[in-house]
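Note on naming: letters A, B, ... go to the chains in the order of the sequence lines (proteins, then strands), and numbering restarts at 1 for each one.
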There are 2 protein chains.
Amino acid sequence: MSPAVRHGAMRAGNLAAVLGELDRRGPLTRAALAEFTGLTKTTVSKLVAYLIDAGMAVESGTVRDGERGRPGVVVRLSGHRVAALGLEINVDYLAGCVVDLSRTVRLLRTQPVDNRAATPEDVIARLRELASALLVDAGELGLSVAGGMVALPGPVDRATGAVHRAPNLGWRDVAVTETLDLPLPVVVDNEANLAALGELWFGSGASLGDFLHVSGEIGIGAGLVVQGELFRGAHGFAGELGHVVVSPEGPACRCGGSGCLERYAGQDALLAPGEDLAGLVARLRGGDAAAAAACERAGSALGVALTSAVNLIDPDTIVLGGIFAPLYGWVSAPAGRAMRERLGQMRRRVPTLVVSRVGADAATLGGAGQVIQRIIADPGAHLVMLDATPSSPAR
Amino acid sequence: MSPAVRHGAMRAGNLAAVLGELDRRGPLTRAALAEFTGLTKTTVSKLVAYLIDAGMAVESGTVRDGERGRPGVVVRLSGHRVAALGLEINVDYLAGCVVDLSRTVRLLRTQPVDNRAATPEDVIARLRELASALLVDAGELGLSVAGGMVALPGPVDRATGAVHRAPNLGWRDVAVTETLDLPLPVVVDNEANLAALGELWFGSGASLGDFLHVSGEIGIGAGLVVQGELFRGAHGFAGELGHVVVSPEGPACRCGGSGCLERYAGQDALLAPGEDLAGLVARLRGGDAAAAAACERAGSALGVALTSAVNLIDPDTIVLGGIFAPLYGWVSAPAGRAMRERLGQMRRRVPTLVVSRVGADAATLGGAGQVIQRIIADPGAHLVMLDATPSSPAR
DNA sequence: ATATTTAGTCCACAACTTAGACTAAATCGG
DNA sequence: CCGATTTAGTCTAAGTTGTGGACTAAATAT
């Protein structure tokens, strides 16, 4: 639980403290870094030298902080060497991206494919091709890709890198990491979880505080971010907002229960038979009363489910993503009304509803961002991997 | 976020690693400690000497681990010097306890009082008397009390030590820590949270994994323990199970909403007018059909609310405490049935329902346990306080 | 031009942990 | 009963990392 602290760990911890400060506060002089971390100037200088040598930081210009005195050399996070790979398998597309250490998106590609029609092996083979092409292109940009993350639409076993069941893909027990077999460390995670992280790093970001990110697709999932970290629950199944009970005597759900949120606000409940999301939005824009009523009903149900979620989890903000992003204008009002009615008297502040600012790539980007996050949290571990590069850090 | 690591922190971290290992695995030899922590025998010896000098550990006998070789000296956590104070203010009683470092309950006292009839100042003055008496008695036992925790029936601001509103007591904006004014560091927390911790350390314990502890009193609260730590939410209001929506069109609730769990399974919904809990249990034992039906209804509603909670939070186990402990035989079956129906198909394992093994003192004990936990997590910080003792540790 | 202020480096030293030699105390085998 | 073997724990010299204060560098103020 509390691992032993050796000298190496002390070093690693301080390296992470410096890099983390650069990540959180932006470019800083060594003097400012010393102030914020509480380390001495000497130590900060040594650590910064190490980071610069590893290609994780660069000096960039000088700035005067006060009125007089020698100007400081500004050090900032560098994206020129270290990067991470984000991949996503979804029902009707594959996607991949490369994000560098400064969380700049360097490459982003999407491939529309009907993955329900293909075998898992074929889908994964196609993803491998996409990933390999991205790795080659990243190499040409001078980037060294330290790790990858695959987003999947279903609960995953993160230890083994396998999906037990992905109902929307029709997959059962597929060993994704193993089959994908890329030449770098790859981890898998749930799409809803990674989409929440995507919103954190590529959307509204830290201004959200602790937030619940609702990613409605066919099912309705949610990712909870607490103190900048995902909350996963004991078995990684936390955030199943779609099966929160809205009305115990409601319509039967595929989960075996009845009156789950999914039956009121899932894609199947909103779209007319054969219709797609764009069609629904067109009808809403055209003033179709039936469509508006369906959204009203879905929004209220969402508000009820979110009320339960807020009572249990107490987030600062709720971000509506997935299909609820384009429908935001029609569902957020009834949802917000339901929440205010039910929560207003007990709490000083009812969580704010906001729309997701990242599009369909939230999970892909979030996955790559998560890898970057881990590098920043432990730069020392990743320096070893980069030792093969020309200018190796001095012992 | 990631504080700088200095030499002192390294020391403190290793001290915590050793003490934590002793807490988790029980008595161990220095050799075993070295193995488990990954530190060398030399370092472990030094740290153990420090802990023994501080009165946090003692040697006790020798045991042979293997077949041959010199027997090791067993070191175990010692409760003879360091202790913590747990206090509780509730509607109809005050309680206090002293728990030592080995989590043995050394003193425990309860005082039945109607606290709704008195002013907050009078209640807190009476609590101060109770606490002072406990501190004196602890001193006579040779214990040095390092800190205290006050459990309150309502949401608290842990930063300032104040309650904003405690509806069951009729309190508004009471600065508890400040008014109590004890000669040791005191923190306040929510009763439901601390009851969950009480179950962790003085009840079924670590075998529960991540668990949700339901503590039904007048309202229905819940504490969520994840990886041995409380989950509090962004503002400390997480776990408000009582206002999870069971049926959106249900009866109006004092919170402004309708169909909250509290209206189906709260004390007011279960007890006949003027009846107390013992009376209800007597009726149930006597086979009263109306009472059984009320419990059946409450149990089902609880199952529905817990279904939502499990979907969102994904715990291993759910512990029923508070009024649900004596009613366990009557409510657990319908609650479990509802959960299995609604969760069975999606999850490999539906969380187990168990009854709380700690009684009414769960919160009082949990509070003291929390203080002990903090001492074990950072023994170095508390050594300073004990430096006044006769044999001060060698530099 | 000189004083003052702030940034960053250098160097001796201090705080830990480590590695491995060494001592202590048990069992095993003859 | 004595020496070989095994395991526990201590001691000492050395290694790694951070610290504190002196020192150098580069700017503004007077």
Of B:Val74 and A:Gly38, whose nearest nucleotide on DNA chain D comes first from the 5' end? B:Val74
Using a 4.0 Å heavy-atom cut-off, does B:Val73 contact any base of the nucleic acid, only the sugar-phosphate backbone, or nothing at all? sugar-phosphate
How many Å lie between [atom1] on [X] and [atom2] on [N], as a whole number?
X: B:Arg11; N: D:dG18; atom1: CZ; atom2: P; result: 18 Å
X: A:Leu28; N: C:dT6; atom1: CG; atom2: C1'; result: 16 Å
X: B:Leu15; N: C:dC16; atom1: CG; atom2: C1'; result: 12 Å
X: A:Lys46; N: D:dG18; atom1: NZ; atom2: P; result: 7 Å

Do B:His7 and D:dT17 share a donor-acceptor pair, side chain to base, under 3.5 Å? yes
Side-chain-base donor-acceptor pair under 3.5 Å for A:Arg70 and D:dA26: no
Can you say whether the rings of B:His7 and A:His7 are parallel (under 30°), tilted (30 to 60°) or perpendicular (over 60°)? perpendicular
Any donor-acceptor pair under 3.5 Å from B:Gln227 side chain to B:Asp210 backbone: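 No; judged by distance alone, with no hydrogens or angles, the pair does not exist.
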Could you check which of [options] has an atom nearest any side-chain atom of [X]?
X: B:Thr42; options: D:dG21, D:dC11, C:dC16; answer: D:dC11
X: A:Lys41; options: C:dC10, C:dT17, C:dA7; answer: C:dA7
X: B:Arg68; options: D:dG9, C:dC28, D:dT17; answer: C:dC28
X: A:Met10; options: D:dG9, D:dT17, C:dT6; answer: D:dT17

[N] phosphate, OP1 or OP2: any side-chain N/O from [X] under 4.0 angstrom?
X: B:Ser45; N: D:dG9; answer: no
X: A:Arg6; N: C:dC16; answer: no
X: A:Thr43; N: D:dG18; answer: no
X: B:Asn14; N: C:dC16; answer: no
X: B:Arg30; N: D:dT10; answer: yes

Establish, yes or no, whether the cationic atom of B:Arg11 lies under 6.0 Å from the six-membered ring centre of B:Tyr50 and within 45° of the ring axis.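 Here B:Arg11 passes the 6.0 Å and 45° test against B:Tyr50.
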With nearest nucleotides of DNA chain C determined for B:Leu47 and A:Gly69 from heavy-atom distances, which residue corresponds to the more 5′ nucleotide? A:Gly69
Between A:Phe202 and A:Val358, the two heavy atoms sitting closest are O-CG2, 3.5 Å
Is there a donor-acceptor contact under 3.5 Å linking the side chains of A:Thr43 and A:Thr40? yes
